[in-house]
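Notes follow once the structure below has been shown.
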Amino acid sequence: MAEGSQICRNPTCDVASTGVCAQGHDPVDSCAEYDAEESELDPGDDVSDETTIVENRTRLRSSEVLTDADIWSFRKSHRTKTVSLIGEFKTGKTTLISGLYALFCKGPFAGFSFRGSRTLTGFARRHHLALESSGRTIPTTPRTSMADGVGFFHLNLVGDDGVEAHLLIADRSGEAFQSARTNTTMMDRLGDLKLSDRVCFLLDADRLTQPDTRAGYRREFKQTIWALLQNGVFKPNVVLEVLTTKIDKISRRENNSDVVSELDEYEKALVKEFAAEGIVVEAFRICVLPRANYELGLVGLEDLMRRWLAPTAPVEILPLAPPQTVRNIDRLVEVWSKEHTHG
Ligand SMILES: Nc1nc2c(ncn2[C@@H]2O[C@H](COP(=O)(O)OP(=O)(O)O)[C@@H](O)[C@H]2O)c(=O)[nH]1
Ligand SMILES: [Mg+2]
């Protein structure tokens with residue numbers, strides 16, 4: 001208690017030292033003589049103790065894969081590029097994601113260096129299963145099940161020019177797309193695709209060229225893209241690409257050149273079919289786990305990274321000037337737009 005403090009107007013009351021009111025009022029501040037303003041019996045002490053505890057706590061993120069809900073707030077506070085991988089199960093989506101993570105673990109790649117990630121555990125979980133040290137005889141990644149929904153992996157990278165980039169890669173179960181192709185009510189469950197700046201349709205080179213799977217797979221692959229486009233699941237300026245995976249598998253076949261030209265033809269026909277409807281789709285090839293042909297090594301990943309992180313043209317946000325204006329004031333938007341573009 002500070003010296004000279006006077007919390008009770010009654011000079012005979014010792015409330016300041018004993019906390020007991022001479023007139024027996026309880027609580028003490030219900031006494032008319034008691035001056036709460038001068039009181040040093042600070043009821044806020046408890047609260048400030050709590051505050052100290054809160055300040056000393058560190059919030060740990062789980063660093064598992066992000067959900068739709070997490071990325072809404074993430075995208076509001078960071079400039080991000082979102083890439084969605086679409087492909088039936090076992091086309092190599094998860095392998096591609098863990099392969100990219102592994103490359104950035106080693107060092108700078110495709111003009112970018114690793115700066116951080118919100119999904120390190122998620123990456124590590126997928127990656128360790130793709131390595132020999134996991135105890136498996138062949139490298140593989142866990143199968144993503146439909147119940148898992150969509151999961152986003154995050155990479156925070158910095159370019160050689162010092163520019164920071166946030167990449168979100170969406171991995172979703174293959175079953176979700178298979179069901180969406182045949183049952184359009186499932187499209188509602190693919191709402192996250194509206195966030196994607198780029199969508200990659202993964203085409204399994206092996207399944208495409210095996211005599212027993214060839215016909216059905218070719219048809220279904222195209223149908224999936226058409227079904228998604230016709231149901232308007234993408235945002236208007238989305239970039240679409242077909243990514244042929246596992247090209248090591250076809251490079252080792254006996255009739256190798258025939259198979260490669262078969263793939264060539266399919267890719268070209270696909271690009272042409274969509275172009276005829278005014279839809280730009282480009283085709284690229286990758287190999288992430290060249291276990292059918294180790295000499296081939298990794299294919300297409302450096303270009304893929306540069307492509308995915310390439311700066312996009314700024315979105316036109318200026319309002320359109322109203323047509324045929326009579327009054328000068330109605331032409332202000334047009335005047336400002338010109339100043340903005342020329343200035
Ligand atoms: N030979 C070869 N196998 C691959 C390649 N990429 C993925 N795989 C294999 O294909 C299988 C399915 O891959 P996964 O990434 O789990 O497919 P997802 O279901 O689309 O996520 C796994 O056994 C992988 O090891 C590749 O480039 N070459
Ligand atoms: Mg998977």
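Just so you know, ligand 1 is whichever comes first in the structure, and atom 1 is the first atom listed for that ligand. Sequential numbering from 1 along the given sequence is applied to the chain's residues.
Residue contacts with ligand 1: Asp171 is placed with no nitrogen or oxygen under 3.5 Å of a nitrogen or oxygen of the ligand (distance criterion only). Between Lys249 and ligand 1, not a single N/O pair is under 3.5 Å apart. Between Ile286 and ligand 1, not a single N/O pair is under 3.5 Å apart. Looking at Phe89 next to ligand 1, no N or O pair under 3.5 Å apart turns up. At least one N/O-N/O distance between Leu289 and ligand 1 falls below 3.5 Å.
Heavy-atom contacts of Thr91 reach the following atoms of ligand 1: 17 (O), 18 (P), 20 (O) (cutoff under 4.0 Å). Of all atoms in ligand 1, listed by their number and element, those nearer than 4.0 Å to a heavy atom of Thr95 are 6 (N), 7 (C), 13 (O), 14 (P), 15 (O), 24 (C). Counting atoms of ligand 1 from 1 in the listed order, those under 4.0 Å from a heavy atom of Cys287 are 27 (O). Near Lys93, the atoms of ligand 1 lying under 4.0 angstrom from a non-hydrogen atom of the residue are 15 (O), 17 (O), 18 (P), 19 (O), 20 (O), 21 (O).
At least one N/O/S atom of Thr94, from backbone or side chain, sits under 2.8 Å from the Mg ion (ligand 2).
Under 4.0 Å is where a charged nitrogen must lie from a carboxylate oxygen, and between Lys90 and Asp206 no such pair does. Remark: Lys249 does not engage Asp204 in a salt bridge, criterion side-chain N to carboxylate O under 4.0 Å. One finds no salt bridge joining Arg307 and Glu282 here, because no Lys/Arg side-chain nitrogen approaches an Asp/Glu carboxylate oxygen to under 4.0 Å. A salt bridge links Glu262 with Arg218: at least one charged nitrogen is closer than 4.0 Å to a carboxylate oxygen.
Proximity of Thr94 to ligand 1, defined as any heavy-atom pair under 4.0 Å, is shared by backbone and side chain alike.
Between Phe104 and Phe114, the distance separating the two ring centers is not shorter than 6.0 angstrom.
In summary, the side chains of Arg75 and Thr82 do present a donor paired with an acceptor at a separation below 3.5 Å, with no hydrogens or angles considered.
Identified under the side chain to side chain donor-acceptor pair (under 3.5 Å) test for residues 149-159, with sequence neighbours left out: Arg115-Asn156, His154-His166, Asn156-Glu164.
Among Arg126, Lys90, Arg291, the residue whose heavy atom lies nearest to atom 19 (O) of ligand 1 is Lys90.
By the 6.0 Å contact criterion, CH2 on Trp226 is enclosed, its count of non-hydrogen atoms from other residues, nucleotides or ligands being greater than 12.
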